[in-house]
Amino acid sequence: MCGIVGCIGHEKSVAFLLEGLEKLEYRGYDSAGIAVHGGDELKVYKARGKLENLRNLLNGNSSSYSLKAGIGHIRWATHGVPNETNAHPHISSENKVSIVHNGIIENYKELKRELSERGVEFKSQTDTEVIAHLIEDFLNQGHEFCDAIRHALKKLDGAYALGVIFKEDPETLYAARKSAPLIVGVGKNRNFIASDAPAILEHTKRVIYLEDNEIAQIKSSSYKILDLEGNILKKKVETLPWEPVSVSKMGYKHFMLKEIHEQPDVIRQTLFDKLRSTDQPLNLKEVKLTRQQLENLDRIQVIACGTSLHAALVGKYLIEEFTGVPVDVEASSEYIYKRAIVSKNSITIGVSQSGETADTLTAIKQAKAKGSHVLVITNRPDSTMAREADSLLPVNAGFEVSVAATKSYSAQLMAFYLLAIFLAEIKNSLPAERIEEYKKELIQLPQKIEMILSNKEKIHECAIKFHNTRNFIYIARGINFPVALEGALKLKEISYINATGYPAGELKHGPIAMLDETIPVLSVLAPGKVYEKVLSNSEESKARNANMIAVTSEENEHLEQVFDFIINIPYTDEVFSPILTTIPLQLLAYYIAEFLGKDIDQPRNLAKSVTVE
Ligand code: AGP
C-alpha cells in the first residue's frame, strides 16, 4: 500500500526511480511521483494515475544531477483524493525538504493546526505533508539534517516508511520506519531504499532491514543507522533470498491468467520440497515446536485477511477433521481489537501472501506478546511477518504480481494440507493407511488442475452469458464453503460485480428472497458428505428461477435438469476438492472481467500489499 524508492550515487537516478516504481506498482496506482536534485533546487515531478502518466510527463525531461539523492513514490490514497496535488513527493514551504511516505500519520490534524497557526500554508489534503513542514521547522530552528528528522519523528503518531531528501544536503538520502516496511539496499558506490525487494534486486541483494524507530543516513559509499535518540546502531547486512524478478507475462494477456496457470507447478514444487515419500512421516522441520509440545497442542488460532483468510478457513476444516484439535479463524482486523486469548498448549498461525499486511502483522505481534508461539505461513520469507515468526512455513509460490491472489492461495492451501497431515501423524489421529492414501492423492492434484486448465470452454461460455449480470451468488458447504467465499471475492475485486458466498444451507434463512431469473447461483458440488445437501439447496434456488451453474466432478441427468451450466472438474476426495473447485472460479472471474474490459491486474481502489490498518 504505497511504495517508496530512493537512491544515492546512481548515475541515472531518474531511470532507477522509474524502474523501481514499476516493480512496486502492485502497491498502488493512484498517482506516482519523484523528487530529484536539479540545479540548485529540488525538482518534483508527479502525475495522477498510473506510473505510465509520470513517464509521459517526464518524457525525456529527466534532467537531474545524477549521483545525488532522489526519491520516488507510488500512491494508494488514504487521506485526500487521488490527484496531482495529493501525489507524493511532498515538499516543504521553503522547498528545503522533500519526502515520500507510506503509512498513516494519525495525529496529522493536530500537527497541521499547530503549523498553520504559525503561518505554514498547506497545499494538499494528505496526512503526509505535515512531515515535510515539521522537518523544515526543525531545520529552521538550527538543527542539522538528521536531527531535524529525529525531532520531527518524535512528534508523529502512526505508521510511516519515509524517504527524505534535502536541498542543501544533496549527497545524502535519509529514511525512517515505524510499522511500515522499508529496506536499505547496499550497493557498490551507490545505495538504495525501497518498500520491497523487487525494486532494488537488479542492483543489489545486500540489504539492511530497518526496524521500527530507526533512521538511516545514507551516502553513496557509507551509511549509518540511528535510533530516535541519535545513537548509532549496529545492523546486520543480510542477503535477499530472491533472484531479480521477471515481470514478463510470458505471452499471457494478464499476470492473473499467467499466475492461474502456474498453480500446478507451484503445487508440484511444494510437494517436491516436502513430500519426498508417501510411506514415511512428513518432517516439517520449519515448525519449531518439540514433539511433546505438538502432542500436547490443544487449540490453534489462525489470523489472516482476504484470500489468505479463505485459505485459513479451509485449513481449519482440515486440521479439525484430521486431528480433532479445535481451530479458530479470525479476520486480523477483528482480532486486534479483542481480548487476545492464548493458552499454554495453543499456537497462533498468521497467514499472508505478502507478509506485510498491517492488520495481520499487528495481530501476530499481539499474540506473541501474550506468549503464544507464532507460526507464519507466507509467500515472502524476507517479510516483516517472517522475521516476527517463531516458526516460518514459506509457501514458495514465486512473486505474485496480479493484485488478485491466485497461486499464493493454492500454495497456502498446500501448506495447510501438509500441516494437517504432519499434526495427524504426530498425534496419531488418523489411520496410517488413510494418511498414505491422502499423500498419494496430493501428488495427483497438479495433473488434475492441468486438466481443468486445458478445458476452459464451458467456463468461457458461462462468462459470456453472465458478464452483464449485476449480482452473483456462490453456494457450498463444508470444506468448500471458503471456496464459495473466495470465488465471490475474485469476481468482486476484478469485475466489480456484487458477489456473495453463502453456506448453501443458509440461503433459506434470508438470501433466497433475492432470487429470480436475473441472479446466477453457482453451486460448488464436490462428491462427499454434503453433496446431496448442496444439491437440494441448489434445487430450492432453481425453483425460484435462478440461473444455475455447477462446478462438479459428477455427471448425470439429474444435474442436467437442475443446472443450466455444468463446469466439470476431475474427481478427487472431498478433503482435497478445494484445490480443484477454486480453479474454475478464478477463471470465471477472470473471463467475466476480461469481457467487461476491466483492468484485471490492477483493479480500481485496491493494492496488493495492505500496509495500513
Ligand atoms: C486477494 O485477491 C486480495 N487482493 C486480498 O484480499 C489479499 O488476500 C489480502 O489483502 C491479504 O493479503 P496478504 O495475503 O498479503 O496478507
Side-chain angles (χ1 to χ4, degrees), residues 1-3 24-29 76 180-181 195-198 254-257 259-260 263 302-315 329-336 349-365 374 376-386 388-389 393-413 415-416 482-483 485-496 499 501 582-583 585-590 593 598-613:
M1 196 137 276
C2 295
L24 297 183
E25 236 191 334
Y26 70 88
R27 300 178 75 89
Y29 24 86
W76 185 86
S195 299
D196 196 3
H254 296 97
F255 282 107
M256 183 180 176
L257 193 60
E259 286 158 5
I260 289 174
Q263 292 176 109
V302 194
I303 37 199
C305 301
T307 290
S308 298
L309 181 66
H310 301 154
L313 287 167
V314 175
V329 177
E330 198 142 17
S332 316
S333 53
E334 289 300 311
Y335 179 91
I336 56 183
I349 302 180
V351 191
S352 172
Q353 188 285 129
S354 61
E356 299 292 350
T357 300
D359 290 325
T360 308
L361 185 56
T362 308
I364 64 167
K365 281 185 179 168
V374 171
V376 167
I377 296 177
T378 181
N379 195 28
R380 295 297 303 271
D382 55 334
S383 62
T384 312
M385 266 182 234
E388 282 289 329
L393 193 49
V395 300
N396 302 332
F399 275 106
E400 193 174 58
V401 177
S402 173
V403 165
T406 53
K407 63 175 179 172
S408 62
Y409 164 84
S410 289
Q412 289 166 348
L413 289 190
F416 277 111
V483 173
L485 296 178
E486 177 58 11
L489 176 63
K490 286 287 91 83
L491 187 64
K492 274 184 278 210
E493 65 181 336
I494 61 170
S495 74
Y496 322 143
T582 303
I583 310 290
L585 306 196
Q586 294 171 342
L587 286 166
L588 181 64
Y590 174 82
K598 301 297 184 201
D599 192 346
I600 293 182
D601 287 330
Q602 296 181 334
R604 73 180 181 203
N605 305 340
L606 295 179
K608 186 143 187 80
S609 186
V610 185
T611 56
V612 293
E613 256 194 41

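Note that ligands are numbered from 1 as they come in the structure, with each ligand's atoms numbered from 1 the same way. Bear in mind that the values here come from a model prediction, so they are computed numbers and not experimental data. Throughout, numbering of the chain's residues begins at 1 and tracks the sequence.
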TODO: Starting from atom 2 (O) of ligand 1, locate the nearest protein heavy atom and write down its residue, its atom name and how far away it is, to 0.1 Å.
DONE: Glu493 OE2, 2.3 Å
Task: Atoms in ligand 1 with a heavy atom of Thr307 nearer than 4.0 Å - done: 1 (C), 2 (O), 6 (O), 8 (O)
Open item on the list: When you compare the side chain of Asp359 with that of Val610, does any pair of heavy atoms fall below 4.5 Å?
Closed with: no
Open item on the list: When you compare the side chains of Ser609 and Glu356, does any donor N or O come within less than 3.5 Å of an acceptor on the partner?
Closed with: no
Open item on the list: Within the 4.5 Å heavy-atom criterion, are Lys407 and Asn379 side-chain neighbours or not?
Closed with: no
Open item on the list: Closer than 4.0 Å to some heavy atom of Lys490 - which atoms of ligand 1 meet that?
Closed with: 1 (C), 2 (O)
Task: Beyond-backbone contact of Thr307 with Leu489, side-chain heavy atoms, under 4.5 angstrom - done: yes
- [ ] Please name the residue in the list Lys490, Gln263, Glu486 that meets the side-chain hydrogen bond (donor to acceptor under 3.5 Å, both in side chains) test with Gln586.
- [x] Gln263
Open item on the list: Using a 4.0 Å cutoff against the non-hydrogen atoms of Gln353, which atoms of ligand 1 qualify?
Closed with: 13 (P), 14 (O), 15 (O), 16 (O)
- [ ] Please identify which atoms of ligand 1 are closer than 4.0 Å to at least one heavy atom of Ser308.
- [x] 8 (O), 13 (P), 14 (O)
Task: Best match, Ser402, Cys305, Gly306: closest heavy atom to atom 11 (C) of ligand 1 - done: Cys305
Task: Closest protein heavy atom (residue, atom, distance) for atom 15 (O) of ligand 1 - done: Ser354 OG, 2.7 Å
Task: Atom indices of ligand 1 within 4.0 angstrom of Ala404 heavy atoms, with elements - done: 2 (O)
TODO: Report the nearest protein non-hydrogen atom to atom 4 (N) of ligand 1: residue, atom name, distance rounded to 0.1 Å.
DONE: Val403 O, 2.9 Å
Open item on the list: Within the structure provided, determine whether Tyr29 and Asp599 are in side-chain contact (heavy-atom separation under 4.5 Å).
Closed with: no
Open item on the list: Can a side-chain donor-acceptor contact be found between Ser308 and Gln412 if the only test is distance below 3.5 angstrom?
Closed with: yes
Open item on the list: What protein heavy atom lies closest to atom 13 (P) of ligand 1? Include the residue and the distance to one decimal.
Closed with: Thr357 OG1, 3.2 Å
Open item on the list: Checking the N or O distance criterion of under 3.5 Å, is ligand 1 in contact with Ala405?
Closed with: yes
Open item on the list: Quick check against the 3.5 Å criterion: does Glu259 have a side-chain atom that pairs as donor or acceptor with the backbone of Ser402?
Closed with: yes
